[in-house]
Amino acid sequence: MINKNSSIAIIILILNALYIVFPSIVGAEVLYLYNWKYAPGKSEQGYNNAVKLPFQPLKSTSDLYTLVPNYEGFVWLRSEFTTSNKLVNMPLLGILLGRIMIADETYCNGELIGSTGQFPPRFFSEWNRYRLYMLPKSLLKTNENNILLIKVYVNHEGSIAGKNIIGNYNELAKEYDYLDFIDSRINAIISFLFFLVGCYYILMYSLRKKDIENLYFGLTCIAFSFYLINFFITRLPGFDYNLIPYLLFQKIIFILIFVIAYLLSRFLTRYLNVSDNKIIKYVLLVSTIMPSFILLLAKDYPTFLNLRYKVILFFIIPAIIYIISITIIALKQKKKEAKILMIGSIPFYFCAFWDLIVHNIFKIDDAIYLMGFGFPSFLISIAAILAIQTVQYHNEVEELNISLEKKVEDRTRQLYEANQELKLALQQIREQQEIARRDMIMAVNVQRSIIPQKAPSVDNYEIGLYAQAMSGVSGDFYDFFIQNNKLAGMGLFDVSGHGIASGLLTILSKSIIFRHFEQLVNLHLGKVMESINKELIQELENVDNYLTGILLRFSDDKVEYVNAAHTEMLLKRKETNNVIICAHKEKDIKGMFLGKSVFQTFYTPLQFSMKPGDMLLVYSDGITEQKNQDAEEFGFERLKDAFLNAGGKTAQEICEYIIAAFNEFKGEAKLGDDLTVIVLKKI
C-alpha cells in the first residue's frame with residue numbers, strides 16, 4: 001500500500017528528473033538560504049520594528065498563511081547569512097527568491113532591496129514570479145551575520161516556492177530568465193498563438209457561416225488564450241496593479257474555465273455530428289452560467305478561495321462527462337476524428353492530473369505548472385482534424401480542376417489538330433489570327449448591342465452611367481427595365497474572370513435575368529433572384545465562372561433591393577446630405593454568389609423609400625479594388641467621400657465627378673478590372 005509520504009517521494013523523483021532534462025544554469029559559487037524564522041507582523045511595521053520581533057523557527061515556507069490570525073495578515077521571514085570572500089569579490093551580487101505568494105518587501109540589513117506585488121487595500125498577487133533583487137555590496141557586513149527580512153502579505157494562501165540563493169547577479173539573472181520563461185513567458189507565447197488561431201477560425205466562420213464549428217473552436221481558442229493571461233498579466237506592457245482588482249481578475253479567470261468547457265462541448269457536438277439534445281444543451285448552459293454567478297457573488301477573497309475548486313469540481317463534471325461520452329460514441333462509429341481527439345486528450349488529462357495532485361493535494365509549490373502545455377496539445381489535435389478536413393476539401397477541388405483541365409486540354413488538342421490541317425503556310429496562320437481579331441471585335445460589338453451604352457431618359461429618375469471594359473469584352477453587364485417611360489427596375493451584375501468567356505456569359509446571363517424579372521413581377525425580388533440563380537446553376541455548373549449582382553425594382557417612391565454577394569449600394573439623402581450603406585439594421589441581407597450549387601442560398605430583399613433629390617450609387621468592384629502606382633486601393637471610403645462631395649446637379653455630372661476622382665487617384669496605373677458606375681437620382 002503506497003502512503004502519502006511514498007507518493008511525495010515519487011513526485012520528487014519526477015521533479016528531479018525534470019531538473020536533469022532542464023538543468024539549472026546557476027554556478028557553484030552561490031549561497032543557499034536555509035533555517036528561516038518567522039514572526040507575525042502588522043501592516044504599518046517597518047524593518048526597524050520587525051527586526052526586534054521574537055522570531056520562531058519555520059519548518060516550511062509552503063503554508064505561510066497559517067502563521068497569522070484568521071489566515072490573513074503579514075508574516076516577517078528572517079534568515080541570517082555570512083558572505084565568503086568569493087561572494088564579496090564578485091562584480092555584482094544579487095538574490096534570487098522563489099515564487100512568493102501574495103506580495104513581498106525584501107530588506108537586507110535595514111535597507112529595502114526590492115518589492116513585488118501589491119499590499120492591501122488593493123492587493124495584487126505575484127504568485128507566478130520569482131524574485132530577483134540586486135544586493136549592493138555596500139549593505140553587506142564582513143565577518144558577521146547579515147540579516148535578510150522579507151515582509152510577506154498572505155490571505156488564506158501564501159508561500160515561497162523555490163530555492164533562495166545569493167550569488168553573482170548576472171548568473172542569477174540567467175537562472176531567473178530560464179525559470180520565468182518556463183513558468184510565464186512560454187504561456188504568453190502560447191496565448192498569443194492561440195489568439196491568432198482563434199481569430200483565423202472566426203474569420204473562416206464569417207466567410208462561411210454554415211460551418212459553425214469553426215466559430216465554436218475559434219472562441220474556445222480565444223477563451224483559452226485569455227485564461228493563460230493569469231500566468232503573465234503583470235508582464236504585459238503598461239500593466240498597473242491598480243488596473244483591475246485582483247479578486248475580480250481571478251473571478252474572470254476561473255469563469256473562463258466553464259466558458260471553455262461549454263464552447264468545447266458545442267464544438268464537438270457540431271463536428272462529430274451528434275444530435276443536439278435540448279435537455280443536455282440546457283444542462284451544459286446552466287453548468288456554465290450558475291458557477292459563474294456563484295463566483296461573481298463571492299464577497300471577498302477568502303470566500304472566493306473556498307468556493308473556486310468546489311464549484312469547478314461540481315459544475316465541470318457534466319461537460320467532461322458529455323465530452324467523453326460523445327467521443328466514445330464517435331469511436332464506436334469508427335470516426336477517425338474521434339481517435340485523434342482521444343490521442344490529443346492524453347497530454348491534457350495528464351497535465352490536469354499533475355497540477356491537481358502536485359499543487360493542490362501534495363502542495364509541492366516548487367513544481368512546474370503543466371496545464372499551460374496540456375490543453376494546447378488537445379486544441380492542436382482538434383486543429384489537426386480541421387486542417388485534414390480543409391486539405392481533403394482542397395484535394396477534391398484540385399481533382400475537379402484537374403478533370404476540367406484535362407477536358408480543356410483534350411478539347412484544345414482536338415481544335416489544334418483540326419486547325420493544323422488548315423494551316424498550310426504562314427499566310428494561313430495570319431488569316432486565322434485575323435479571324436480571331438475579327439471575332440473579338442464581333443464579340444465586343446454584340447455585347448455593346450445588347451447592353452445600353454447610354455443612360456436612358458425616364459420620367460421618374462435621372463440616370464448617370466459610366467462603363468469601361470478592362471480589355472475587349474467586359475465581365476460587367478447591366479440593364480434598365482422601363483415601363484411607360486418610367487424606370488421599373490435596374491440590375492448590375494459581374495461575371496468572374498475576364499476575356500471572351502466572361503463576355504459570352506454576360507450575354508447568356510442578361511437574357512435569363514431580364515426574362516425572370518419581366519415574368520415574376522408578382523414575387524418579391526428575393527424570390528426572383530432565387531429563380532434566376534436556379535437557372536444560372538444549370539447553365540454554369542460545369543464552368544469556373546460565377547456571378548455577383550444587384551437587382552432593383554422601383555414603384556413610385558418605393559425601392560426594393562436584393563444583393564447577391566455584390567458591392568454595397570450607397571444611398572445619399574438630399575435632406576441630410578449624408579451617405580449611408582443600404583443595409584438592414586438587424587441582419588445581413590447579402591446573399592451568396594450566383595451560378596454555383598455550392599453557394600445556393602436564399603436572398604432577402606430590402607425595401608426603403610426615396611424622395612426627390614435622393615440618389616443611389618451602384619458600382620462594380622473594379623472601382624474600389626483599383627490600385628494606384630503605390631499599390632494602394634481606391635477603396636470604399638474614397639468612393640463614399642467622392643459620392644458625398646460630388647459637384648454638379650445631374651446624375652451624369654455626379655457620375656463624371658466620381659470617375660474624375662477615380663482617375664486622379666489611379667494616375668498612370670492600368671485598369672485592373674472592368675469598371676461600371678451608375679447613379680440614380682429621384683425626380
Side-chain angles (χ1 to χ4, degrees), residues 62-73 75 99-103 117-128 152-159 161 220 223-224 226-231 233-234 241 243-265 282-323 348-349 351-365 367 369-372 374-375:
S62 60
D63 293 321
L64 298 179
Y65 63 94
T66 61
L67 306 178
V68 297
N70 300 320
Y71 294 165
E72 180 183 3
V75 178
R99 298 192 303 264
I100 299 179
M101 184 187 297
I102 295 175
Q118 183 161 279
F119 289 163
R122 290 181 63 89
F123 77 89
F124 204 98
S125 177
E126 283 276 18
W127 65 274
N128 198 37
V152 181
Y153 172 68
V154 295
N155 188 349
H156 289 74
E157 62 179 2
S159 63
T220 301
F224 178 66
F226 288 155
Y227 169 79
L228 289 180
I229 293 177
N230 188 36
F231 293 88
I233 184 173
T234 58
Y241 290 129
L243 186 64
I244 181 174
Y246 186 70
L247 174 58
L248 176 60
F249 173 67
Q250 287 298 303
K251 288 178 179 179
I252 294 173
I253 291 297
F254 277 83
I255 287 172
L256 283 173
I257 296 175
F258 301 101
V259 174
I260 292 170
Y262 175 76
L263 292 172
L264 188 59
S265 65
Y282 289 137
V283 169
L284 293 174
L285 192 60
V286 170
S287 297
T288 303
I289 296 175
M290 186 174 292
S292 300
F293 274 108
I294 292 174
L295 293 178
L296 285 173
L297 293 175
K299 62 180 180 179
D300 51 32
Y301 195 62
T303 304
F304 170 76
L305 292 177
N306 185 48
L307 285 174
R308 59 180 180 178
Y309 290 116
K310 295 177 182 178
V311 170
I312 288 177
L313 289 175
F314 183 80
F315 286 100
I316 209 72
I317 289 176
I320 294 176
I321 293 175
Y322 177 73
I323 291 172
F348 166 68
Y349 291 121
C351 294
F353 180 77
W354 170 277
D355 285 353
L356 178 65
I357 297 299
V358 172
H359 291 282
N360 296 289
I361 296 180
F362 293 122
K363 297 186 179 301
I364 304 177
D365 295 324
Y369 283 90
L370 294 183
M371 195 57 188
F375 194 68

Next item on the list: Over all heavy atoms of both residues, which pair between Glu72 and Val68 is shortest? Give the atoms and the distance, please.
Entry: N-CG2, 3.5 Å
Notebook entry, point to check: Tell me, do Phe258 and Leu295 make a side-chain contact under 4.5 Å, heavy atoms counted?
Noted result: yes
Notebook entry, point to check: If every non-hydrogen atom of Leu263 is compared with every non-hydrogen atom of Ala223, which pair is closest and at what distance?
Noted result: CD1-CB, 4.4 Å
Check: Say you draw a straight line from CD1 of Ile252 to OG of Ser292; how long is it, rounded to the nearest 0.5 Å?
Finding: 11.0 Å
Check: For the residue pair Ile100 and Val152, what are the closest heavy atoms and their distance?
Finding: CG2-CG1, 3.9 Å
Notebook entry, point to check: Would you call Ile316 and Ser287 a side-chain contact if the rule is heavy atoms closer than 4.5 Å?
Noted result: no
Check: Are the side chain of Lys251 and the backbone N or O of Ala298 linked by a donor-acceptor pair below 3.5 Å?
Finding: yes
Margin query: With a 4.5 Å cut-off on side-chain heavy atoms, are Val286 and Phe315 touching?
Written below: no
Next item on the list: Measure the spacing between CD1 of Ile289 and CG of Leu284 and express it to the nearest 0.5 Å.
Entry: 11.0 Å
Next item on the list: Provide the closest heavy-atom pair for Ile323 versus Ala261 in the form atom of the first, atom of the second, distance.
Entry: CD1-O, 4.2 Å
Next item on the list: Please tell me if the side chains of Met290 and Phe314 come closer than 4.5 Å, counting only heavy atoms from C-beta onward.
Entry: no
Next item on the list: Verify whether one side chain among Asp300 and Thr303 offers a donor that lies under 3.5 Å from an acceptor in the other.
Entry: yes
Note to self: What I'd like to find out is whether the side chain of Gln250 reaches to under 4.5 Å of the side chain of Asn230, using heavy atoms alone.
What the structure shows: yes
Margin query: Quick check on ring-ring contact (aromatic ring centres under 6.0 Å, His included): which of Tyr301, Tyr65, Tyr71, Phe304 does His156 satisfy it with?
Written below: Tyr71
Check: Which pair of heavy atoms, one from Gly158 and one from Val154, lies closest together, and at what distance?
Finding: CA-CG1, 3.7 Å
Check: Can you tell me how far the CD1 atom of Ile233 sits from the CG atom of Asn128, to the nearest 0.5 Å?
Finding: 12.5 Å
Item checked: Distance-only donor-acceptor check, side chains Gln118 and Tyr246, under 3.5 Å -> no
Notebook entry, point to check: What residues form a side chain to side chain contact (heavy atoms under 4.5 Å, CB included) with Ala103, not counting sequence neighbours?
Noted result: Phe119
Check: Tyr241 vs Phe124 aromatic rings, parallel, tilted or perpendicular, using cut-offs 30° and 60°?
Finding: tilted
Item checked: Spacing of Ile260 atom CD1 and Ser265 atom OG [to the nearest 0.5 Å] -> 12.0 Å
Next item on the list: Could you tell me whether the side chain of Phe226 reaches within less than 4.5 Å of the side chain of Ile229, counting heavy atoms only?
Entry: yes
Check: What are the two closest non-hydrogen atoms of Tyr227 and Ile257, and how far apart are they?
Finding: CE1-CG1, 3.8 Å
Item checked: Separation between CG of Asn155 and CG of Leu247, rounded to the nearest 0.5 Å -> 9.5 Å
Next item on the list: Measure the spacing between CE of Met101 and OG of Ser125 and express it to the nearest 0.5 Å.
Entry: 5.5 Å
